[in-house]
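To start, the structure itself, in structure tokens.
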Amino acid sequence: MTKLKQDLTTKKTRQTAKGFRYNGSFKIKIGEFIRWRLTRRVLPPKAGYYAFNQSWFEPIDLNLPDDRVWWIGHSTTLIRLSGKMILTDPIFFKRASPSQWIGPKRRTPPALSIKQLPQIDFIVISHNHYDHLNYHSIHQLLTRFPNIVVMVPLGLKKNLLKWGAKHVIELDWWDCVTIDGLRFSATPAIHWSNRSLFDVNKSLWCGWVIQSNIDDQNQSKTVYFMGDTCYSSELKEIAKHFPSIDLALIPIGAYAPRWYMQSQHIDPQQAVQLYDELNCHCAIAIHWGAFELADESLDDPPQLLHAHKAERCFNLIKIGGSQAINRIDSRVK
């Protein structure tokens, strides 16, 4: 295992006694939160939940060839790259909550269960919100795959070790680590973290860039998992470090109402804007269709993305669907 550190001149985080700070990060305002909760009115999909499930779910086929990404649901994807299997933000639980009785209910099932997963080599975690870092899912994964390597942003290693992980690597923005021919780099995101009222921003949040064959530029492939972020022009810095992103996993949901959610999540139009600004060659839309975390209906994000993506290779796939990771020479774009 080789640990590397990139140029840190672009780092914008600062850790203090009160937690991580970034000049564009979301700041909790209790009055705005109460206002949002009091006015919430989540509409069901236009044709109903059953029809939505029928339209946006398909049986998963793990026998498909090549480097590939399967969408398991929400921000959980299964990435096969250079023969290694990587899970992003695994949540297989029926609620995005610490409890099975309260919290956002899962409206669509994951594409497969933890028991049905193939051998998993790595997990990458973007941040500690309950819809991204789920204790029950992590515990079951560690039980089945005790030697799995877990990649986390700063401040989360102690949690994963406490939950039973044997191999945890904790990175700051722009840090990277190379294991078994894959390079994992933590990248900036404009978001926040907490699991209770008492740990706000005590851990960092990030996206992840995963690269294969880093010693052979003619064969190298780059996958970018964005995590959660609001829009910021400062994210263009990612394109300077990674000028050719072959496949991006970009969130498009949990954006309404904009007066409250715009400082936490991008909407589909901003997702397309970041696709362009980060020079993505292809993308899959994630972070929608499973949990009602904001006020838009489950079927709004794909409709809006379809309206804005034009001819871009920004794909809406079904839960259980997949996309091949094809290397595209940046000179062609």
Side-chain angles (χ1 to χ4, degrees), residues 1-2 4 58-90 110-112 114 116-126 141 145 147-151 169 176-187 206-227 238-239 241-251 274-275 278-287 312-333:
M1 179 176 71
T2 304
L4 306 171
E58 69 180 39
I60 194 168
D61 184 0
L62 297 179
N63 293 316
L64 293 172
D66 307 321
D67 292 333
R68 184 171 295 273
V69 174
W70 289 265
W71 188 32
I72 295 177
H74 195 53
S75 291
T76 306
T77 69
L78 176 63
I79 303 171
R80 182 170 65 211
L81 192 59
S82 290
K84 301 297 181 181
M85 289 292 198
I86 307 146
L87 277 176
T88 65
D89 286 359
L112 77 178
I114 291 175
Q116 295 171 316
L117 284 170
Q119 176 65 42
I120 303 299
D121 302 289
F122 301 97
I123 294 172
V124 296
I125 302 294
S126 64
L141 286 164
F145 309 110
N147 292 315
I148 202 166
V149 178
V150 187
M151 307 283 184
I169 297 175
C176 62
V177 63
T178 303
I179 307 177
D180 294 339
L182 296 182
R183 177 174 290 173
F184 297 82
S185 301
T187 56
C206 71
W208 291 95
V209 169
I210 308 169
Q211 298 167 286
S212 67
N213 301 311
I214 57 175
D215 295 325
D216 184 353
Q217 293 301 310
N218 292 322
Q219 298 297 323
S220 179
K221 294 181 181 179
T222 299
V223 179
Y224 172 41
F225 170 55
M226 191 175 288
I238 295 170
H241 288 260
F242 307 99
S244 183
I245 295 173
D246 298 303
L247 182 62
L249 311 176
I250 302 179
L274 283 174
Y275 174 99
L278 298 181
N279 300 318
C280 301
H281 297 294
C282 190
I284 295 173
I286 61 170
H287 197 263
R312 297 170 182 84
C313 187
F314 197 149
N315 297 319
L316 287 159
I317 65 174
K318 297 180 181 182
I319 295 170
S322 71
Q323 174 75 45
I325 306 168
N326 295 315
R327 183 183 180 277
I328 302 176
D329 193 324
S330 60
R331 293 172 298 179
V332 175
K333 190 171 173 67

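Because the structure is predicted, anything quoted here is derived from the model rather than measured. Every heavy atom of this structure was used, including side-chain atoms; hydrogens, water molecules and symmetry mates were not.
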Residues in side chain to side chain contact (heavy atoms under 4.5 Å, CB included) with [X], at least two apart?
| X | answer |
| --- | --- |
| Ala285 | Ile252, Trp288, Leu305, Phe314, Leu316 |
| Asn147 | Lys166, His167 |
| Pro90 | Thr76, Leu87, Phe92, Ile123, Ile125, Ile138, Leu141 |

Nearest-0.5 Å distance that lies between atom [atom1] in [X] and atom [atom2] in [Y]:
| X | Y | atom1 | atom2 | answer |
| --- | --- | --- | --- | --- |
| Ser82 | Asp121 | OG | CG | 11.5 Å |
| Ile250 | Ile245 | CD1 | CD1 | 8.0 Å |
| Thr88 | Ile72 | OG1 | CD1 | 7.5 Å |
| Ile284 | Cys313 | CD1 | SG | 9.0 Å |

Atom of Asn213, atom of Gln219 and distance for their closest heavy-atom approach: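 Nearest pair, atom of Asn213 first, then Gln219: ND2-O, 3.4 Å.
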Tyr275 versus His281, closest heavy-atom pair with distance: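 Minimum heavy-atom contact is OH-O, 3.2 Å.
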Option from Phe184, Trp208, Phe145 for which ring-ring contact (aromatic ring centres under 6.0 Å, His included) with Phe122 holds: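 By the ring-ring contact (aromatic ring centres under 6.0 Å, His included) criterion, Phe122 pairs with just one of Phe184, Trp208, Phe145: Phe184.
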Would you confirm whether [X], through its side chain, and [Y], through its main-chain N or O, come within 3.5 Å as a donor-acceptor pair?
| X | Y | answer |
| --- | --- | --- |
| Arg327 | Ser220 | yes |
| Asn279 | Ala239 | no |
| Ser185 | Cys176 | no |
| Tyr224 | Asp246 | no |

With a 4.5 Å heavy-atom cut-off, do [X] and [Y] have their side chains touching?
| X | Y | answer |
| --- | --- | --- |
| Ile325 | Ser212 | no |
| Leu182 | Ile86 | yes |
| Met226 | Leu274 | yes |
| Phe225 | Ile210 | no |
| Thr222 | Ser244 | no |
| Gln323 | Trp71 | no |
| Cys282 | Asn315 | yes |
| Leu62 | Leu112 | yes |

Sequence-distant partners of Lys84, side chain to side chain donor-acceptor pair (under 3.5 Å), two or more places apart: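 For Lys84, no residue satisfies side chain to side chain donor-acceptor pair (under 3.5 Å) once neighbours in sequence are set aside.
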Salt bridge (Lys or Arg N to Asp or Glu O under 4.0 Å) contacts touching residues 60-73 (sequence neighbours left out):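 Those involving residues 60-73 are Asp67-Lys221.
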Pair listing, salt bridge (Lys or Arg N to Asp or Glu O under 4.0 Å) test, anchored in residues 314-325, at least two apart: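 Applying salt bridge (Lys or Arg N to Asp or Glu O under 4.0 Å) to every pair that reaches into residues 314-325, excluding sequence neighbours, yields nothing.
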